[in-house]
Protein chains: 2
Amino acid sequence: MAGVSTAVVSYALNDRRGVSVATRERVLRVADELGWRPNPAARSMRAGAQAVGLAVVAGETLHGAPVLDVVAAFQRELLPRGLGVDLRVVADVAAAAELYRRWGAERRCDVVVVPEVRDDDVRLRVATDAGLRPVVVGPTEVAPGLAAVEVDDEDAYARVARYLASLGHVRIALVADPTDRLRTAACERGLRAATQDGTVALEIVPTDGTVEGAAGATRRLLTQAVRPTAVVLATDVMALAALDVARRTGLVVPWDVSVVAGADSVLCRLATPALTSLPSLATDLGEALARAVTGTLDAAAGDPPVRVPLAVGALAVRGSTSPQAH
Amino acid sequence: MAGVSTAVVSYALNDRRGVSVATRERVLRVADELGWRPNPAARSMRAGAQAVGLAVVAGETLHGAPVLDVVAAFQRELLPRGLGVDLRVVADVAAAAELYRRWGAERRCDVVVVPEVRDDDVRLRVATDAGLRPVVVGPTEVAPGLAAVEVDDEDAYARVARYLASLGHVRIALVADPTDRLRTAACERGLRAATQDGTVALEIVPTDGTVEGAAGATRRLLTQAVRPTAVVLATDVMALAALDVARRTGLVVPWDVSVVAGADSVLCRLATPALTSLPSLATDLGEALARAVTGTLDAAAGDPPVRVPLAVGALAVRGSTSPQAH
DNA sequence: ATGAAAGCGCTAACAG
DNA sequence: CTGTTAGCGCTTTCAT
C-alpha cells in the first residue's frame, strides 16, 4: 500500500536506518490508517520471547507487598521496552519450578523473577537448567552468580529494634514469615544485631505466613507468663490480626503492648490505633525489578550479575507504639 | 530422530488420527527424551492466540473478590485447554479500552474479560470493534448480545436486607461502590426490593470504592442525628474500616450498630467482632469465568451468547450483627 | 500410514 | 536507499 517492500516497512516501523524520511513517513501513515499492529507471535518467533515470567505462590506476598501493586509498577516500567509480564499463580514452590522448566523449554521468556527465595531454592536450579536467567528478590547469599534486587530488610528491622529499644522496650517479639524464606532470616538478623548488647530480650516466632497463623502466634505470646512489651509482625494484615488478638486478650495497644507492622497499607493507617509500620515496597520493588530485568537482558555474556539495591524507607510512627517503663 | 517427517510428529503430538500406534509412541518417547515442548509463538502463528485478556483497574476488586484469587482459579481451569491468561493492571477504564484495542489489532487474544462493567461501558464497544469477544462480569442489561457471568448480587443483597429486617432493624444503610458500576445498582435494587414495604428506611451512600472513602462515608452515617442501626459495606476491607470508625465513634458493634460485609475474607473472620458477611466469590467466579470463556470459544457463529449464572451463597452470620429493638 | 511442501507475519542478511 | 529472499517452529493440505 505504501508502494514499498516488506523489508522497508519493517525498517520504517522499527526505526532502523536505511529508509528515507519521506518513505518512513509514508509507511507510518499507511500503517496507522490501517490500524496495523505488529503480531507479537510472529515477532517473537524471530526475536525470541519479549516477556518475563513471574510465578507467585498463592497466598504469598511479594516481599511483604501486595502482588498486584508490585506487578502494576513492574509492568508500567517494562512496557516501554516492549516487554510483557507473564504472571501465574501456582500452588507452591515446586509448581513454580515446574512452570519455569516449561517456560524455558517453550522459550516463552528468557528471564524469570524468583520472589521470596528459599534456602537452597529449587526454582533457581531448575530455571538455570532450563536456560532461563533468574532475577532473585531478596538476600542473595544463596544465589552468588544471579541477578537480584537486594532489599535491605536487615537494616530496616535493625532500625525497628533500635526504635523500640529507645522507647524503653526490653522484651521484643517477632511474629515472622516461615523460616525457609531467606528474607525471614534477614529480618531476624536485623533485630538481633540491634539488640545484641543484651539489654533487650528477643523472641522470634515463625509462622506459616497466614493471618490465622500470625493471630495464633500473637495469642500465645500475649498470654505467656512474661509477655513481650512490643510485637513486630511481618505484614500489615498480620499486624491487624495482632491488634485484634490484643483487644480480645484485654490488652490495650499501645499501653500494654506495642505493635509494629513490617509493611504499611491503608489498613495500617485506618486501624485503631493506627499501626506504626515500615513503608510498603510495592512501587519501589516493581521499579527495582524492572531495572534488574532490563539490566540482565542488556548484559553481555560474562558481565557480572546485575544487583539492584533497594533500601526500605523510614518507619512511620503511629499510635500503636509507645514508650514502655520496665 | 524418530525417523518420521515433521507432519507425522505434529499429528502424533496433537493426538490427530492418521498415525500408527507404534509411530505415535515412538514420537512421544523421543519428544519426551528431548524435553521437547511446542513453541507457543510458532503455534499461535497458525492457530491464532491461545490466550484470554484481562485488564484490571488498579485498586479495583474483581466483583468484590481479590483479583489474584479469582485469577488463580481462572488460570487453573483454563490450563487444560491450553489457554493462558494475559493479566494487565491499568490505571482506569479508558486505559483498559485502549489496551483491548491493541490486543485486538495484535491478535494477542480473541476473548477478553470485562470486569466491573459500567453503564455504557467504553470497553465493550472498543473490544467488539477490535474483533474481540468480550465476556462481561456482572449484570448484562448493558450488553444484550454478549457473553457474561451473571452474578446474582440482587438476590444476595435482598437476602441481607431481609435478614436485617428480621432482626428488627428499621434503618439500614449501604456504603456502596461507585455508582457507575452496574453491580452497585444491582445491589441497591436487591436492598430496595426487600425493603419496599415501607417499614425499613434505606440510605445508600456511594463511595469512590476506596477504604478511606468507605471510612468517611461510615463516619458521616454514624454521626448523623438519626443514625442507621445497620450498615452494609461492599467489601471486606470497607467493613473492617467501618468497625474501626464505629469504635472511634464510641459505638459498640453489634449492640449500637450492626455491620455486614458484602464479601468475606480472613479479615472478616478475625475481626472483633467477627463480621457477618456474604461469601467470597473468588474461586466460584474464576471457574464461572472459565466456563464462559471456553463456551464462547466453542460457540459457533450465530449461537446465542453464553450466559453463566453465578449465585452468591448464604450469608455467614457472625458477631457483628444482632437484633435491634426499635 | 506417511512424506513433501506451503505458509502463518515478521526480521535481517544480502544484493542491487 | 530499497528490493529479494530465507527462515523462525509449527500445522495442514495434498500426494503418495
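Reminder, nothing fancy here: chain letters follow the sequence lines and each chain counts from 1. In what follows, every heavy atom counts, from backbone to side chain, and hydrogens, waters and symmetry copies are set aside.
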* Asked: Quick one: are A:Glu141 and A:Leu182 in side-chain contact, heavy atoms under 4.5 Å?
  -> yes
* Separation of B:Tyr11 atom OH from D:dA15 atom C1', in whole Å? -> 11 Å
* Round to the nearest Å and state the distance from A:Arg46 atom CZ to C:dC8 atom C1'. => 14 Å
* Rounded distance in Å - CG (A:Leu13) to C1' (C:dA12) -> 15 Å
* Structure fact -> Hits for side-chain contact (heavy atoms from CB on, under 4.5 Å) against B:Asp208, two or more places apart or cross-chain, chain-then-number order -> B:Thr210
* With respect to the side chain of B:Val8, which nucleotide from D:dT2, D:dT12, C:dG3 is positioned closest? -> C:dG3
* Structure fact -> Ranking D:dC8, C:dA4, D:dT4 by distance to the side chain of A:Ser5, first place goes to D:dT4
* Any idea which of C:dT11, D:dT2, C:dT2 is nearest the B:Ser20 side chain? -> C:dT2
* **Protein-nucleotide distance (A:Asn14, atom CG; C:dG9, atom P), rounded to Å** => 17 Å
* **Residues in contact with DNA chain C, drawn from residues 29-42 of chain A - heavy-atom cutoff 4.0 Å** => A:Trp36, A:Arg37, A:Pro38, A:Asn39, A:Ala42
* Short side-chain N/O contact from B:Arg16 to OP1 or OP2 of D:dT12, under 4.0 Å -> yes
* **Note: A:Arg37-A:Asp32 ion pair, threshold 4.0 Å (strictly below)** => no
* **Closest to side chain of B:Thr6, choosing from C:dA12, C:dA5, D:dT13** => C:dA5
* Between A:Glu150 and A:Thr140, is any side-chain donor less than 3.5 angstrom from a side-chain acceptor? -> yes
* Asked: B:Met45 has an atom CE; how far is it from atom C1' of D:dT11, in whole Å?
  -> 12 Å
* Structure fact -> If each end axis of the helix from C:dA1-D:dT16 to C:dG16-D:dC1 is fitted on five C1' pair positions, the angle between them, to 10 degrees, is 40°
* To do: Measure the shortest side-chain to side-chain distance between A:Arg108 and A:Leu132 over non-hydrogen atoms and say whether it is less than 4.5 angstrom.
  => no
* To do: Would you indicate which nucleotide in D:dT13, C:dT11, D:dT4 comes nearest to any side-chain atom of A:Ala7?
  => D:dT4
* Structure fact -> Among the nucleotides D:dC8, D:dT2, C:dT11, whichever has the atom closest to the side chain of A:Val19 is D:dT2
* Return yes if some donor-acceptor pair links the side-chain N/O of B:Ser44 with the main-chain N/O of B:Gln50 below 3.5 Å, else return no. => no
* For A:Thr283, side-chain contact (heavy atoms from CB on, under 4.5 Å) partners two or more places apart -> A:Ala73, A:Glu287
I'd like a table of donor-acceptor pairs (distance under 3.5 Å, sequence neighbours excluded) in which one partner is a side-chain atom from residues 86-100 of chain A, with atom names and distances.
residue, atom, partner, partner atom, Å
A:Asp92, OD1, A:Ala94, N, 3.3
A:Asp92, OD1, A:Ala95, N, 2.8
A:Glu98, OE1, A:Arg101, NE, 3.2
A:Tyr100, OH, A:Ala55, N, 3.1
A:Tyr100, OH, A:Val113, O, 2.5

* To do: Rounded to the nearest angstrom, tell me the gap between atom CZ in A:Arg107 and atom P in D:dC8.
  => 14 Å
Determine all donor-acceptor pairs shorter than 3.5 Å in which one atom belongs to a side chain in residues 18-25 of chain A; sequence neighbours excluded.
residue, atom, partner, partner atom, Å
A:Ser20, OG, A:Thr23, N, 3.3
A:Ser20, OG, A:Thr23, OG1, 2.5
A:Arg24, NH2, A:Arg16, O, 2.4

* **Atom-to-atom span, CD of B:Glu106 to C1' of C:dC8 - whole angstrom** => 17 Å
* Asked: Just by distance, do the side chain of B:Arg133 and the backbone of B:Thr296 share a donor-acceptor pair under 3.5 Å?
  -> yes
* Just call it for A:Gly3: base, sugar-phosphate, or nothing, with non-hydrogen atoms closer than 4.0 Å on any strand. => sugar-phosphate
* Structure fact -> To the nearest angstrom, the CG-P distance between A:Asp15 and D:dC1 comes to 14 Å
